[in-house]
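Below is one structure; the comments refer to it alone.
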There are 2 protein chains.
Amino acid sequence: MKIGDLEKQSGISAHTLRYYEKSGLLKPSKRGDNNYRHYSNEDLITAKFIKRSKACGFSLAETSSLLAIKTDKSQHVCAEAKAITHNKLQEIEEQIQRLEQMKETLSKLHHYCCGGQESAEFCSIISALEEGE
Amino acid sequence: MKIGDLEKQSGISAHTLRYYEKSGLLKPSKRGDNNYRHYSNEDLITAKFIKRSKACGFSLAETSSLLAIKTDKSQHVCAEAKAITHNKLQEIEEQIQRLEQMKETLSKLHHYCCGGQESAEFCSIISALEEGE
DNA sequence: ATAAACCTTAGAGTATGGTTTAAGGTCAAG
DNA sequence: CTTGACCTTAAACCATACTCTAAGGTTTAT
C-alpha cells in the first residue's frame with residue numbers, strides 16, 4: 001500500500017501520515033527502491049488505532065503510549081492501559097465541568113439581554129462584564 | 001498606576017498585560033517621562049473586564065469585540081453583544097457534546113478493563129482500539 | 001552610593017497538531 | 001514521449017495565548 005492508498009483506507013491525509021511518522025507513531029513497514037513508503041495491512045490497523053485513540057480524546061503522546069502497549073502486549077499489563085484511560089477520563093470530566101460553568105454564566109448573560117437594536121448603553125451583557133462578581 | 005500595580009490589582013501578570021497591549025486589548029492611558037506605562041482606574045476596569053470575558057470562554061479576539069462595544073456603547077446595540085454571546089454559547093455546547101461522547105466511550109473502556117497485572121494480551125482497552133466500530 | 005526592585009524593548013520559545021511550500025524525482029496511460 | 005498523478009524531503013508556517021530572555025534604564029530605600 002502506498003501512502004495515497006493508506007490515506008484512502010484510513011481517512012488520514014498523506015500529509016498527516018508523514019507527520020505521524022516523524023512523530024514516531026506510525027512507520028511504514030518498508031521503503032521501495034524508489035524510496036516510496038510501503039504500508040502493510042498491520043500498518044492500516046495501526047492507522048485506524050490512532051484514529052480511534054484520537055476520537056477518544058487521547059493526545060498523540062498518549063496515543064503513542066497506547067501503541068507501545070498494543071505493539072508489545074506481552075511486555076505490558078492491563079493496569080497501564082487502564083491508568084492512561086483513567087487519567088484521560090478525569091481530564092475530560094474536569095474540562096466538562098469548566099465548560100458547564102461557562103455555559104451557565106453565558107446562559108444567564110444571554111437570557112437577560114434584550115438583544116434588540118437598542119443602544120448598548122444599558123446592555124446587561126456588557127454591564128455584567130464590567131462589574132461582575 | 002504602574003504595570004506592577006495593575007498586575008496586583010487585576011491579577012493579570014505584567015508580561016501578559018504587555019502582551020494585551022501589543023494585541024490592542026488594553027493600552028495604558030499614558031506614558032511617563034521615563035516611558036513607564038501609567039494605567040488609570042478605567043484601565044483597571046478594562047483589565048477586569050478582560051479577565052471576566054476570558055472566564056466566560058471568550059477568545060482574545062472576541063473579547064476585543066466586546067471591548068469595542070463597552071468602549072463606545074452609544075455606537076453599538078444589544079444585538080451585537082447578544083450575537084457574540086450566542087455564538088460562544090453554541091460553541092461551548094458543541095464542545096460539551098463532543099466531550100460527553102468521549103467520556104462515554106472512555107467510561108466503557110475503563111469499566112471493562114480489569115486493570116490488573118495481567119498481560120495486556122487480552123486487554124479490552126487495547127482490543128477496542130484495534131478493532132473498534 | 002549602592003543594591004533591590006522596578007521598568008523598557010524586540011524577539012525568541014513553548015505547546016499542540018497539523019498544513020503548506022518549494023523543489024524535485026517516479027510512474028502509468030495514451 | 002509527454003502529461004498528469006503520484007511520490008520524496010526539509011523546513012517554514014498557522015493558530016492561540018502566553019512566557020521567557022537578554023540587555024539595558026529608573027526608582028526607591030537604606
Side-chain angles (χ1 to χ4, degrees), chain A residues 1-39 43 46-47 49-67 84 87-88 91-92 95 98-99 102, chain B residues 1-39 43 46-47 49-67 84 87-88 91-92 95 98-99 102:
Chain A
M1 225 185 298
K2 281 184 288 179
I3 199 167
D5 301 318
L6 184 60
E7 170 171 24
K8 275 158 211 145
Q9 298 283 313
S10 70
I12 301 171
S13 83
H15 274 310
T16 300
L17 286 169
R18 289 194 197 95
Y19 171 70
Y20 284 172
E21 178 176 358
K22 210 168 45 178
S23 310
L25 281 171
L26 174 54
K27 291 183 214 299
S29 31
K30 47 180 174 171
R31 293 285 188 131
D33 292 345
N34 49 18
N35 201 28
Y36 285 14
R37 291 166 175 85
H38 285 297
Y39 295 96
D43 291 334
T46 302
F49 184 103
I50 294 172
K51 221 183 167 192
R52 290 188 201 104
S53 172
K54 295 228 66 204
C56 289
F58 291 114
S59 68
L60 295 188
E62 289 157 344
T63 298
S64 195
S65 303
L66 290 169
L67 270 176
I84 295 173
N87 289 342
K88 181 53 62 177
E91 206 178 280
I92 285 184
Q95 271 193 68
R98 255 184 288 120
L99 289 171
M102 286 178 185
Chain B
M1 225 185 299
K2 280 184 289 181
I3 199 167
D5 301 319
L6 184 58
E7 170 170 25
K8 275 159 212 145
Q9 297 283 314
S10 70
I12 301 171
S13 82
H15 273 310
T16 300
L17 286 168
R18 289 194 197 94
Y19 171 71
Y20 284 173
E21 177 176 358
K22 211 167 46 177
S23 309
L25 280 171
L26 174 54
K27 291 183 213 301
S29 32
K30 49 180 171 170
R31 291 288 186 130
D33 292 344
N34 49 17
N35 201 30
Y36 284 14
R37 290 167 176 85
H38 285 299
Y39 294 97
D43 291 335
T46 301
F49 183 104
I50 294 172
K51 221 183 168 192
R52 289 187 202 106
S53 172
K54 293 227 67 206
C56 289
F58 290 114
S59 69
L60 294 189
E62 289 156 345
T63 297
S64 194
S65 303
L66 289 169
L67 269 177
I84 294 173
N87 288 342
K88 181 54 61 177
E91 208 177 278
I92 285 184
Q95 272 192 67
R98 253 183 288 122
L99 290 172
M102 287 177 186

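Each chain gets a letter, A, B and so on, in the order its sequence line appears, and its residues count up from 1.
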* Asked: Does C/dG18 have OP1 or OP2 sitting under 4.0 Å from an N or O in the side chain of A/Lys54?
  -> yes
Residues passing the side-chain hydrogen bond (donor to acceptor under 3.5 Å, both in side chains) test with B/Ser10, sequence neighbours excluded, are none
- Query: Are any of A/Arg31's side-chain N or O atoms less than 4.0 Å away from OP1 or OP2 of D/dT9?
  - Reply: yes
Are any non-hydrogen side-chain atoms of B/Arg31 and B/Arg37 less than 4.5 angstrom apart? yes
Original post:
Between A/Arg18 and D/dC6, does any side-chain N or O lie under 4.0 Å from OP1 or OP2?
Top reply: no
So A/Arg37, base contact, sugar-phosphate only, or nothing? Heavy-atom distance under 4.0 Å. sugar-phosphate
Side-chain atoms of B/Tyr19 come closest, of D/dC6, D/dT19, C/dG18, to D/dT19
Residue pair B/Leu60/A/Lys22 against DNA chain D: nearer the 5' end by closest nucleotide is A/Lys22
**Request:** With heavy atoms under 4.0 Å as the rule, sort A/Ser13 into base, sugar-phosphate or nothing.
**Result:** sugar-phosphate
Is a donor on one side and an acceptor on the other found under 3.5 Å between the side chain of A/Lys88 and the backbone of A/Gly57? yes
Contact string for nucleotides 24-30 of chain C, one letter per nucleotide 5' to 3', B = base within protein heavy-atom range under 4.0 Å, S = sugar-phosphate only, - = neither, reads -BBS---
What's A/Ser59 touching, base or sugar-phosphate or nothing? Going by heavy atoms closer than 4.0 Å.
sugar-phosphate
